[in-house]
Amino acid sequence: MPILETQNLTYVYGEGTPFRIEALKNVNISIEKGELVGVIGHTGSGKSTLMQHLNGLLKPTSGKVLLGGEDIHASKEATRAARFRVGLCFQYPEYQLFESTVYKDIAFGPRNMGLNETEIRERVQRAAEFLEIRSDWMDKSPFDLSGGEKRRVAIAGVMAMQPEILILDEPTAGLDPRGRDRITDMICKYGLSTGSTVLVVSHSMDDVASFASRILVMDHGQNVLGGTVDEVFRQVDKLVSMGLDVPQLTKIFLRLQASGVSVRTDIYTLAQAKRELLRLFFEKGGTA
Amino acid sequence: MIKDITIGQYFPGNSLVHKLDPRAKLVLTFVYILLIFLCKNFVSLGILVAYLLVSVLLSRISVRMILKSLKPIVILVCITSVLQIFYNSDGTVLWELGKFKLTTGGVFMALFTTVRIIALVTASALLTYTTSPTLLTDAIERLFSPLKRVHINVHSIAMMMTIALRFIPTLIDEVDKIMSAQKARGADLDTGGIVQRGKALIPVFVPLFVSAFTRAYDLAFAMECRCYRGGEGRTRLRVMRLRARDYIVFLVTAVCVAGIAVANRLLPAVI
């Protein structure tokens, strides 16, 4: 049974005003335990709205969100429980920091869960480890950190709640390339070592290709494509027509193929590219 | 929830009311409100209501939006009309219960006041519905520019109003976002007593103030980068000019004012 599932999820903003927008139309997705899912889509495609439904922040206009097979809007308690079971980290989460010290800020979520001090300390420490937050930051004010550091503290704040499902909305937006890679790596490591389910919304096809075991594509409020990295990025034309793209590396190999070199085009990561290029190199008679 | 507030909202459109000179609209609304207080009987009130109805129809703002703007005053209207009904004991008695007397005078008064309040709110709602905040503050600046003589910096005040109005939706969005983010971390914002709720708002207000100040600094920088140095010698992109349609509306309004004056003079007053 999928751990998280939506059934005919529809959401309308501003019903009854001139600004009525159908943000989600009949979205049906299902997510298995332990998956690393990448969610891609153009701006305004409904990705963020969908994410806010998954932990019960938004209530669907029609349709259901099932967490472990149960409707999260069945009762008030179920909705509140869903908040803790599904951790949602918003876009630019550094703007949610408010406490006087980094430690207190990361502990905010666990404290709201009503845990005892030792448990809170343990969870904060663990989350800080994943995001490489140095112990000497713990007593600093979060407002004294740099942008990228704040971002990591904010993500740790959600991670420390140890949700069964962690959702990150564009965790790397606005960071420099190295910062992006670092955060992507940290999230990946977190997902693999804890066995939690992780959903990452992203604009960057390269990022998604590097970590996701499955990809969901949103367009105009609908889930139009879904499948493994290969299944999704194989449909280049469809993606381009939605204003999306394939990873940079894939583009290179597509160009190579178009200019007559016989290469595979299912290349999405640096490791795959290296292997394929070496294969080509040896095939053409090169030596190591 | 916060987004449901309609007062002060602007609905873009292309109607005659939208296109009127904002200064004209501002003055007309002011005159209209004045007239509401000056009219004394149902005929003059009728003229005012008709004037408003025509304006609403011309603006093509949906009736539902107008009704929405009236929602917050429902209680006020109810209380005042109930008070009016029993306070006034003129005219013939319709119904009596001990000390309470329901008279025709009371009913008329209640009706009169209700219509007045509704017209007042609708007129001001119509102004903001059909005029963008920028145009509105522009108009205020122009109308009050004579105050420069007495060393009141009208331009700065208008600029501050523009900025404040401009950032209300931005900050509302921001509050929404921060509230969602903190709720996602398990913050309980909707239950508990006053003290508890006040405390629960700290995680919302601290980030809000931090970002509001950052925004203010950024905006000041951006304005200086574009050589903003106050109103001195500043020219406008949109020069406001009264057009034929404005004069026609003035004329129609003048006729209505004359009508109300005559009705007030010739017919018996309700109040």
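Below, chain A is the first sequence line, B the second, and so on; all start at residue 1. Worth saying up front: this structure is predicted, and the values here are computed from it rather than measured.
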Give, as side chain, backbone, both or neither, the part of A:Met161 having an atom under 4.5 angstrom from any heavy atom of chain B.
side chain
Could you please state which residues from residues 74-83 of chain A sit under 4.5 angstrom from chain B, measuring non-hydrogen atom to non-hydrogen atom, sorted by number, or 'none'?
A:Arg80, A:Arg83
Atom CZ of B:Arg197 with >12 non-hydrogen neighbours under 6.0 angstrom:
yes
What residues of residues 46-70 of chain A make heavy-atom contacts with chain B at a cutoff under 4.5 angstrom?
A:Gln52, A:Asn55, A:Leu57
Taking every non-hydrogen pair under 4.5 Å, which of A:Leu88, A:Val158, A:Asp105 racks up the most with chain B?
A:Asp105
I need the residue from B:Arg64, B:Lys177, B:Glu174 with the largest number of non-hydrogen atom pairs under 4.5 Å to chain A.
B:Arg64
Kindly check if the number of other-residue, nucleotide or ligand heavy atoms within 6.0 Å of CZ (A:Arg20) is above 12?
yes
In this structure, are over 12 heavy atoms from other groups packed under 6.0 Å from B:Tyr228 atom OH?
yes
Inspect the surroundings of NE2 in A:His203 and state if more than 12 heavy atoms from other residues, nucleotides or ligands are less than 6.0 Å away.
yes
Quick check: closest heavy atoms across B:Val206 and A:Phe143, and the distance to 0.1 Å?
CG1-CZ, 4.2 Å
Atom pair CD (A:Gln96) and OG (B:Ser180), whose distance is rounded to the nearest 0.5 Å:
10.5 Å
Steps toward side chain to side chain contact (heavy atoms under 4.5 Å, CB included) verdict (A:Phe108, B:Gln182):
CA-CA 9 Å; A:Phe108 180 67; B:Gln182 305 299 27; 4.1 Å; yes
Where is the tightest heavy-atom contact between B:Gly186 and A:Phe84, given as atom of each residue plus distance?
CA-CE2, 3.5 Å
How far does CG of A:Asn112 sit from NZ of B:Lys183, to the nearest 0.5 angstrom?
13.0 Å
B:Arg241 CZ: over 12 foreign heavy atoms closer than 6.0 Å
no
Would you say B:Pro207 and A:Tyr95 make side-chain contact, with heavy atoms under 4.5 Å?
no
In this structure, are over 12 heavy atoms from other groups packed under 6.0 Å from B:Lys71 atom NZ?
no
Around atom CZ of B:Arg215, are there more than 12 heavy atoms of other residues, nucleotides or ligands at under 6.0 Å?
yes
Can you tell me how far apart CD1 (B:Ile178) and CZ (A:Phe90) are? Round to the nearest 0.5 Å.
11.0 Å
Is atom CZ of A:Arg121 surrounded by more than 12 heavy atoms (other residues, nucleotides or ligands) closer than 6.0 Å?
no
